[in-house]
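Structure, as structure tokens:
Each chain gets a letter, A, B and so on, in the order its sequence line appears, and its residues count up from 1. Worth saying up front: this structure is predicted, and the values here are computed from it rather than measured.
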Protein chains: 2
Amino acid sequence: MPSRKSTSETRQIGTGLARIGDALRSQAWQQGAELGLTPTQARALALIGASPDGVGLTALARGLGVSAPSASETVKALVARNLVAKVRGTDRRATILTLTDEGETVANGVEGWPGFLEDAVAALPADDRTALLRGVSQVIRTLQEQGGIDPQRQCLTCRYFQPNRYAGSARPHHCGFVDAPFGDSGLRIDCPDHEAAAV
Amino acid sequence: MPSRKSTSETRQIGTGLARIGDALRSQAWQQGAELGLTPTQARALALIGASPDGVGLTALARGLGVSAPSASETVKALVARNLVAKVRGTDRRATILTLTDEGETVANGVEGWPGFLEDAVAALPADDRTALLRGVSQVIRTLQEQGGIDPQRQCLTCRYFQPNRYAGSARPHHCGFVDAPFGDSGLRIDCPDHEAAAV
DNA sequence: TCTAACAATTAGGAGTGCTAATTAAATGCC
DNA sequence: GGCATTTAATTAGCACTCCTAATTGTTAGA
């Protein structure tokens with residue numbers, strides 16, 4: 001194994017994940033062109049659509065990982081395109097964002113975006129795929145714990161949430177996505193990997 | 001955001017990778033602020049620095065996954081900051097880009113960027129880490145074959161790479177460049193000694 | 001030679017992202 | 001109750017990203 005530079009396994013993985021992220025971004029530009037959306041707009045649309053009761057602008061900004069003014073600007077573009085509606089809430093400082101019917105349609109089109117990536121993943125042998133999922137899940141869990149990723153939507157309505165699986169334990173609940181137990185103090189209000197539980 | 005849609009392992013991985021990519025991008029903005037670089041500039045700097053003989057603008061654009069005009073604009077900013085030098089080559093249409101001394105210094109600072117991600121990766125058990133590296137490598141190779149990514153300098157596409165030469169051994173692969181055996185944990189995604197294999 | 005292909009740039013336009021400052025509404029506290 | 005603080009969102013101003021289309025040289029091919 002040649003090396004003058006740092007070459008730890010860890011570093012190679014970091015580099016690889018960064019490359020995949022880059023590929024996703026540049027792919028998003030192309031896919032977005034078809035719908036007239038930029039990557040950020042698409043992501044905002046998805047986040048808003050994922051919140052049935054609407055989202056505030058600040059929460060959206062946190063979810064996108066950008067500043068409030070940036071989010072405001074993006075929302076402005078989406079409103080101008082009639083994809084998103086703004087409503088004033090009980091707290092009359094705040095805005096509540098929801099999708100319009102048209103926005104709903106477009107958001108559905110956005111859903112399958114990482115499809116080309118999934119093709120690549122699907123080409124893996126089953127064993128490697130499982131290992132990859134475990135690794136990615138754990139990385140995400142660590143990032144959330146470090147605060148690098150914004151938690152979204154609440155566990156209580158999440159299909160991955162298994163309350164009191166370990167009754168009596170200090171960490172009685174179980175999250176199936178990151179495959180780890182956690183306690184009441186770890187309950188998420190807004191988890192990016194949230195998926196609505198079946199009714 | 002997947003909802004009642006397919007929840008396959010594959011889709012989970014796709015979503016997870018996208019999420020990690022988002023985290024990386026927003027982190028890059030913060031880290032970049034310290035050096036006065038945007039994420040794209042940092043990436044361009046790294047790519048130029050990785051090519052000892054210099055790169056052309058078109059190659060750079062492909063590597064960044066953007067159009068030539070976008071790359072041109074980014075390079076203009078780097079040249080203005082005295083981090084990159086442009087030279088006219090034998091082909092007088094083409095430009096050859098190299099780092100200035102100052103650019104070299106800054107590029108070194110950029111190298112450790114995904115550090116916060118690496119912390120997360122380092123927290124994995126060794127087995128999972130190796131499996132993650134193998135999975136990430138294969139995903140990248142598939143993306144390259146699909147044309148979604150510009151060819152990277154990884155073992156899987158290297159002429160010196162002899163996979164499973166010592167099948168059954170703990171270090172089954174062989175690198176012909178350093179003439180030594182190595183295992184999955186030694187797989188490179190960005191190797192300075194990479195030479196593309198014949199098609 | 002003359003045309004096609006190619007490398008890079010310019011022009012023009014929408015969007016992203018930042019910090020700092022502003023407006024408006026809700027809270028807190030004496 | 002009243003006034004200072006905090007909070008939500010926006011505006012202003014700036015640099016950069018990214019695109020397509022058109023332009024200017026330069027090289028290579030029929």
Roughly, in whole Å, what's the span from [atom1] in [X] to [atom2] in [N]?
X: B:Gln27; N: C:dC18; atom1: CD; atom2: P; answer: 12 Å
X: A:Gln41; N: D:dT17; atom1: CD; atom2: P; answer: 18 Å
X: B:Leu97; N: C:dT9; atom1: CG; atom2: P; answer: 8 Å
X: B:Leu83; N: D:dC16; atom1: CG; atom2: C1'; answer: 15 Å
X: A:Gln31; N: D:dC18; atom1: CD; atom2: P; answer: 17 Å
X: B:Leu37; N: C:dT16; atom1: CG; atom2: P; answer: 22 Å
X: B:Leu60; N: C:dA8; atom1: CG; atom2: C1'; answer: 12 Å

Requested in this report: Measure up the B:His174 and B:Tyr166 rings against each other and bin them: parallel (under 30°), tilted (30 to 60°), perpendicular (over 60°).
Outcome: perpendicular

Report task. Kindly say whether A:Ala68 contributes a backbone atom to a donor-acceptor pair with the side chain of A:Ser72 at under 3.5 angstrom? Result ->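 Checked: no pair found.
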
Requested in this report: Nearest 0.5 Å please: distance from the CG atom of A:Leu24 over to the CG atom of B:Leu17.
Outcome: 7.0 Å

Query - Protein proximity profile, nucleotides 7-14 of chain D - base contact B, sugar-phosphate-only contact S, no contact -, cut-off 4.0 Å on heavy atoms - result: BSSBB---

Which part of the nucleic acid does [X] contact within heavy-atom distance under 4.0 Å: base, sugar-phosphate only, or nothing?
X: A:Arg25; value: sugar-phosphate
X: A:Thr40; value: sugar-phosphate
X: B:Arg62; value: nothing

Query raised in the report: Would the number of heavy atoms belonging to other residues, nucleotides or ligands and lying under 6.0 Å from CZ of A:Arg92 be above 12?
Result: no

